There are 2 protein chains.
Amino acid sequence: MQQGIQLILDNISKIVSLTKEEQDLFVSKLQYVEYKKKEFFLHEGQFSNELNFIIEGCVLVFYTDQSGFSHLIQFAIEDWWVGDIASSTHNIPTQLNIQAVEKTKVLRIKKEDLETVFEAIPKLERFFRILLQKRVANLQQRIISSLSKTATERFLEFREQYGYLENRITQIQIASFLGVTPEFLSMIRRKLNSSNK
Amino acid sequence: MQQGIQLILDNISKIVSLTKEEQDLFVSKLQYVEYKKKEFFLHEGQFSNELNFIIEGCVLVFYTDQSGFSHLIQFAIEDWWVGDIASSTHNIPTQLNIQAVEKTKVLRIKKEDLETVFEAIPKLERFFRILLQKRVANLQQRIISSLSKTATERFLEFREQYGYLENRITQIQIASFLGVTPEFLSMIRRKLNSSNK
DNA sequence: GTAAATACTTAAGCTACCTTAATTATTTAA
DNA sequence: TTAAATAATTAAGGTAGCTTAAGTATTTAC
C-alpha cells in the first residue's frame, strides 16, 4: 500500500503541489482494495459513488447492449483514474460495467469524501478539473476518429496511443473499443502484416 | 448586454451560489462579442484561449478531414458554453472550427482571466468542474451510441435530445453529427415518416 | 497434464451505409 | 423580385464491415 500512496501522490503532483498536511488529509480518505482477475468493480444498474486510482493491474469499462454485445468505453491501467462520471454526477444507476482483466489493486475514494476534501483543498478540485479537461479532449478525439476514419485507421491510431495494451487485452476487447467485430479486426491485422513485408 | 449578464449568472447559480462581490469580479472579466451569420469564432490551426457563453444564436463546432468533409463535434445555443478544451488544455493549435450559424452574441472570458478568477473564487472552479463532468457524461453517451446503435436509432436519439435544433440547422449538419451522409439521412427520414402513418 | 473453454483465423454471403448523379425545393443576395 | 447558390430528395450501383460457420490455436481450471 505504501507504494500505492506514493504513486497516487506523484500522479497528483504532476499537476498541483500539495503540502504535507494536505497530502495527509487526502490520503486519510483513501481505501485500498484488491480485485481478482475478472472480478467486477461495478455492475450495470448499481450506483457509482467512488473514484478509483489504479496502482497495479488493468480494468475495462464497457457497456452491454440489448443484444448482449459489449462495447468498450474505456480501459485503465496503473497510474490511471477510473470511475463512472455519468452515474456519480447525475446520481443515476450506471449503465456501465467495470471489470478487472488482471489482478488489480486500487486506491479508492468515496464521492462524499472527495467533496469534503475539495472544500478543504481547492487545489485538489483544480487537479480533477484539469483531469476532466484531458478526458474531454480524449473523448472528443475518439468521436472525431469514429466520424472520420476507417476501421484500419482507427486500429493504427489505437496502436500508436495504446500499443502497450495490445498484448494485455484480447482482440475481442480491442475490436469492441474500435467498433468492429473481432473477425473483421483479424482481417485488418492480416492485411497490415502482409503489406508491411 | 445586461440581459446576457443575467443569463450567465443564472446559468452559474444553477450549480453554485456566488456572492454579489464574486459575481462582480467574474463579470468584470467578461467581454461581449457579436458574430454575424457564418462568421468564425475559431479556425483550424489557431490557438484557442477563450471560453464562450452563448447569450443568443447558435454555433457549430466541427472538424474538417483531409478529404474536406466536415464532422460535427458539438453544437451550442443560448445558455450553453462552448470552447475548444483540447486546444486550451494542451496549448496546441486547434483542429476544430467554431462557426456561428445565425447571428450570435456571446460573453467571452480569456483562459488566463478564468484562472485568476479560480484563485479568487474556488466555487467557480467547482462550477466548471461540474460542467466538465456533465460534458464527459454527454460525450461518453455519444460514444456508446456510435458503438451500439444504427443510424436510425441515433437519429431518433438526436431528436429526443436536441429536437429543438432540427429546424435550426441543416440536414447536412445533422447528418455530419450522426456520422452518415445527408442522402442517407434523407432516406431514414422518409422511412420514419412512412411508417408513422 | 489434460479436458474444456475461450480466443483467433479464414472465408462465403449479406446488409447498412456510401457514392454519384440527376431533379426539385428552398434560401440568399443584389 | 429574380437569378444564383445551397439544400433536400430519389435512385442505381458499390463497398466497408457484419454474420455465420467451421477450423485451429491458446488459455484456463481441475
Side-chain angles (χ1 to χ4, degrees), chain A residues 35-39 58 60 62 64-72 75 99-103 145-159 165-195 197, chain B residues 35-39 58 60 62 64-72 75 99-103 145-159 165-195 197:
Chain A
Y35 289 96
K36 290 184 218 132
K37 187 168 181 169
K38 297 199 177 171
E39 206 176 344
C58 180
L60 302 181
F62 61 95
T64 302
D65 68 26
Q66 295 107 332
S67 313
F69 289 101
S70 290
H71 305 278
L72 228 187
F75 30 66
Q99 186 182 24
V101 287
E102 307 170 356
K103 179 182 178 184
S145 298
S146 86
L147 291 176
S148 67
K149 296 188 171 178
T150 64
T152 304
E153 291 167 334
R154 277 178 277 138
F155 175 60
L156 291 172
E157 187 180 58
F158 166 83
R159 264 195 176 157
L165 275 173
E166 204 175 341
N167 297 311
R168 210 157 155 184
I169 63 180
T170 68
Q171 174 166 291
I172 295 176
Q173 290 156 351
I174 297 172
S176 106
F177 179 81
L178 297 176
V180 295
T181 58
E183 292 85 353
F184 191 57
L185 179 52
S186 178
M187 295 186 59
I188 288 172
R189 276 174 147 162
R190 178 160 47 126
K191 271 190 195 160
L192 287 174
N193 283 334
S194 65
S195 66
K197 272 171 197 164
Chain B
Y35 289 95
K36 290 185 217 129
K37 187 168 181 169
K38 297 199 178 170
E39 206 175 345
C58 179
L60 303 181
F62 60 95
T64 302
D65 67 26
Q66 295 107 333
S67 312
F69 290 101
S70 291
H71 306 278
L72 229 187
F75 30 67
Q99 187 181 24
V101 288
E102 306 169 356
K103 179 182 178 183
S145 298
S146 86
L147 291 176
S148 67
K149 295 188 173 180
T150 63
T152 303
E153 290 168 334
R154 276 178 278 139
F155 175 62
L156 291 172
E157 187 180 56
F158 166 84
R159 265 196 175 157
L165 275 173
E166 203 175 341
N167 297 312
R168 211 159 156 183
I169 62 180
T170 68
Q171 173 166 291
I172 295 176
Q173 290 155 352
I174 298 172
S176 104
F177 179 80
L178 298 176
V180 296
T181 58
E183 292 84 353
F184 191 58
L185 180 52
S186 179
M187 295 186 59
I188 288 173
R189 275 173 147 162
R190 179 161 44 129
K191 271 191 196 159
L192 288 173
N193 283 335
S194 66
S195 66
K197 272 173 196 161

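The chains referred to below are lettered A, B, ... by the order of the sequence lines, with proteins before strands, and numbering in each begins at 1. Not measured: the values here are computed from a predicted model.
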> Which heavy-atom pair separates A:Ile174 from A:Arg189 by the least distance, and what is that distance?
Replying inline: CD1-NH2, 4.1 Å

> How many Å lie between CG on A:Leu178 and C1' on D:dA16, as a whole number?
Replying inline: 15 Å

> Angle, rounded to 10°, between the helical axes spanning five pairs at each terminus of the helix from C:dG1-D:dC30 to C:dA30-D:dT1?
Replying inline: 70°

>> Could you tell me if the side chain of A:Leu165 sits less than 4.5 Å from the side chain of A:Cys58, heavy atoms only?
In response: yes

> Closer to the 5' end of DNA chain D via nearest nucleotide, is it B:Gln173 or B:Glu183?
Replying inline: B:Gln173

>> Return whichever of B:Met187 or A:Thr170 has its heavy-atom-nearest nucleotide of DNA chain C closer to the 5' end.
In response: A:Thr170

> Reckon B:Lys38 has a side-chain N or O less than 4.0 Å from the OP1 or OP2 of C:dT28?
Replying inline: no

> Quick one: A:Arg168 CZ to D:dT27 P, roughly how many Å, whole number?
Replying inline: 16 Å

>> Using side-chain heavy atoms (C-beta onward) and a distance below 4.5 Å, is A:Leu156 in contact with A:Leu192?
In response: yes

> Are any of the side-chain heavy atoms of B:Thr152 and B:Lys191 separated by less than 4.5 Å?
Replying inline: no

>> In this structure, how many angstroms lie between the C1' atom of D:dG17 and the CG atom of B:Leu147, rounded?
In response: 14 Å

>> With a 4.0 Å limit, can you tell me whether B:Thr150 has a side-chain N or O closer than that to the phosphate oxygens OP1/OP2 of C:dA16?
In response: no

> What integer distance in Å separates A:Asn167:CG from C:dC8:C1'?
Replying inline: 14 Å

> D:dT6 C1' sits how many Å from B:Ile169 CD1, rounded?
Replying inline: 16 Å

>> Please find the pair of heavy atoms, one from A:Ser176 and one from A:Leu72, that lie closest to each other, and give the distance.
In response: OG-N, 3.0 Å

>> Of the options D:dA16, C:dC17, C:dC18, whose atoms approach the side-chain atoms of A:Phe184 most closely?
In response: D:dA16

>> Counting only side-chain heavy atoms from C-beta out, which of D:dA7, C:dT20, C:dT28 sits nearest to B:Ile172?
In response: D:dA7

>> Assuming nearest nucleotide by heavy-atom distance, tell me which of A:Ser186 and B:Ala151 is located more 5' along DNA chain C.
In response: A:Ser186

>> Can you give me the closest heavy-atom contact between B:Glu157 and B:Ser145, atom names plus distance?
In response: OE1-OG, 2.6 Å

> What are the two closest non-hydrogen atoms of B:Ala175 and B:Leu185, and how far apart are they?
Replying inline: N-CD2, 3.7 Å

> Rounded to the Å, how far apart are A:Lys191 NZ and D:dA16 P?
Replying inline: 7 Å

> In whole Å, what is the span from the CD atom of A:Glu102 to the C1' atom of D:dT28?
Replying inline: 16 Å

> Atom CZ of B:Arg189 and atom P of D:dA7: how far apart are they, to the nearest Å?
Replying inline: 14 Å

> Between B:Gln171 and D:dT6, is there a side-chain N or O to OP1/OP2 distance below 4.0 Å?
Replying inline: no

> Using a cut-off of less than 4.0 Å, is there contact between a side-chain N or O of A:Arg190 and OP1 or OP2 of C:dT10?
Replying inline: yes

